[in-house]
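Only one structure is covered here, and it is reproduced in the block below.
Proteins get letters first, then strands, A, B, ... in listed order; numbering begins at 1 in each.
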2 protein chains.
Amino acid sequence: MRPLFHPSVEEVRPEAILHALSDPERAAIFAEISGAGCVQACSAVAVVGDRTIPKSSLSHDIKVLREAGLIRCERHGVEMRNHSRCGEIEGRFPGLLASILSAYALVAREPGVG
Amino acid sequence: MRPLFHPSVEEVRPEAILHALSDPERAAIFAEISGAGCVQACSAVAVVGDRTIPKSSLSHDIKVLREAGLIRCERHGVEMRNHSRCGEIEGRFPGLLASILSAYALVAREPGVG
DNA sequence: TCAATAGTTCTGATGTTCCGAACTATGGTG
DNA sequence: CACCATAGTTCGGAACATCAGAACTATTGA
């Protein structure tokens with residue numbers, strides 16, 4: 001398997017970040033990876049709320065996050081470890097990820113529409 | 001023409017904001033509306049960079065921004081006036097819009113890929 | 001070598017986006 | 001009022017994106 005593509009921090013584009021995080025499920029996956037610092041994905045993040053994400057979808061979501069520059073993925077044996085690149089992104093776009101994650105955390109705490 | 005739908009600030013969802021602003025063209029339109037405070041759209045914002053947005057696309061973009069809660073649109077005679085709802089959103093999601101607009105402004109100042 | 005585990009790619013159904021053409025709404029002029 | 005011009009919306013089809021099941025690949029362990 002060829003090494004996975006990761007954009008350098010200079011190549012990271014705001015539209016890619018916003019697109020990646022405009023899906024609440026993907027945002028939740030990213031929040032979990034960021035919170036844990038290093039998570040054994042994808043199985044470890046496969047449940048969001050009360051939904052189990054199909055593994056093909058999860059694989060796709062992880063790819064979107066990776067290609068947006070939000071996470072770094074490394075194979076360790078049979079599994080993938082996903083690290084948040086929060087720190088790097090914070091250096092380039094100060095406050096961006098924190099305010100996005102806070103916004104989602106805020107609405108998650110509210111009664112909600114469902 | 002029935003009055004346009006505007007979500008109340010409590011109904012505004014982060015995913016809608018991120019989705020709306022994940023298109024750089026739409027983000028530029030929003031930045032222009034926010035910068036001007038009140039812009040006679042849609043014609044006034046129809047040129048982004050060196051591209052003139054077709055009016056059906058522009059109408060759609062304005063609608064996406066409006067339904068995301070980012071702008072408020074009022075008909076004044078034959079034209080529409082678009083106001084940014086930055087202030088309201090700032091109260092609900094502090095720092096969110098500022099960091100997004102800063103991120104775009106930052107990459108706009110860079111040499112760029114093209 | 002074979003099985004198990006973890007994740008990726010393929011594929012087709014469903015949904016979204018884009019934009020020209022046709023349409024609607026408002027205001028001005030005679 | 002009839003008519004035109006202006007500003008924006010809606011329609012419709014082509015192009016593109018997303019979702020998830022099935023089939024596949026890669027790695028480890030027995």
Starting at [atom1] of [X] and ending at [atom2] of [N], how long is that distance when rounded to a whole Å?
X: A/Leu4; N: C/dT8; atom1: CG; atom2: P; answer: 7 Å
X: A/Glu15; N: D/dA17; atom1: CD; atom2: P; answer: 14 Å
X: B/Leu65; N: D/dT9; atom1: CG; atom2: P; answer: 12 Å
X: A/Phe5; N: C/dT8; atom1: CZ; atom2: P; answer: 16 Å
X: A/Lys63; N: D/dA17; atom1: NZ; atom2: C1'; answer: 12 Å
X: A/Leu58; N: D/dG21; atom1: CG; atom2: C1'; answer: 15 Å
X: A/Arg75; N: D/dT25; atom1: CZ; atom2: P; answer: 14 Å
X: A/Ile62; N: C/dA6; atom1: CD1; atom2: P; answer: 14 Å

Please report the closest heavy-atom contact between [X] and [Y], naming both atoms and the distance.
X: A/Pro7; Y: A/Glu67; answer: CG-O, 3.5 Å
X: A/Val107; Y: B/Pro14; answer: CG1-CD, 3.6 Å
X: A/Val48; Y: A/Ile29; answer: CG2-CG1, 4.2 Å
X: A/His83; Y: A/Arg81; answer: CD2-O, 3.7 Å

Applying salt bridge (charged side-chain N to carboxylate O under 4.0 Å, His left out) as the test, list every pair that has at least one member in residues 39-53 of chain B; sequence neighbours left out.
B/Glu25-B/Arg51

Any protein N or O atoms within reach of nucleotides 28-30 of chain D? Criterion: under 3.5 Å, listing atom names and distances.
none

Check this for me, if you would: do B/Arg92 and B/Glu11 make a salt bridge, where the nitrogen-to-carboxylate-oxygen distance has to be below 4.0 angstrom?
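Not counted as a salt bridge, because no side-chain N and carboxylate O are separated by less than 4.0 Å.
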
When rounded to the nearest 0.5 angstrom, what distance separates CG in B/Leu106 from OG in B/Ser99?
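That separation rounds to 12.0 Å.
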
Within this structure, what is the CZ-CG distance for the pair A/Phe30 and A/Asn82, rounded to the nearest 0.5 Å?
11.0 Å

Would you tabulate the pairs of protein nitrogen or oxygen atoms and nucleotide nitrogen or oxygen atoms of nucleotides 14-20 of chain C closer than 3.5 angstrom?
| unit_1 | atom_1 | unit_2 | atom_2 | d |
| --- | --- | --- | --- | --- |
| C/dT17 | OP1 | B/His19 | NE2 | 2.8 |
| C/dC19 | OP1 | B/Arg51 | NH1 | 3.3 |
| C/dC19 | OP2 | B/Arg51 | NH2 | 3.4 |
| C/dC19 | OP2 | B/Ser57 | OG | 3.1 |
| C/dG20 | N7 | B/Ser56 | OG | 3.0 |
| C/dG20 | O6 | B/Ser56 | OG | 3.2 |

Quick one: bend of the helix from C/dT1-D/dA30 to C/dG30-D/dC1 from 5 pairs per end, to 10°?
10°

Residues two or more places apart in sequence or in another chain: which of them pass side chain to side chain donor-acceptor pair (under 3.5 Å) with A/Glu88?
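Per chain and number, A/Glu88 pairs via side chain to side chain donor-acceptor pair (under 3.5 Å) with A/Arg72, A/Arg85.
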
Contacts of A/Ser57 that satisfy side chain to side chain contact (heavy atoms under 4.5 Å, CB included) - sequence neighbours left out
A/Ile53, A/Pro54

Between the side chains of B/Ser22 and A/Ser22, is a donor N or O closer than 3.5 angstrom to an acceptor N or O?
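There is no such pair (donor and acceptor under 3.5 Å, judged by atom type) between the side chains of B/Ser22 and A/Ser22.
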
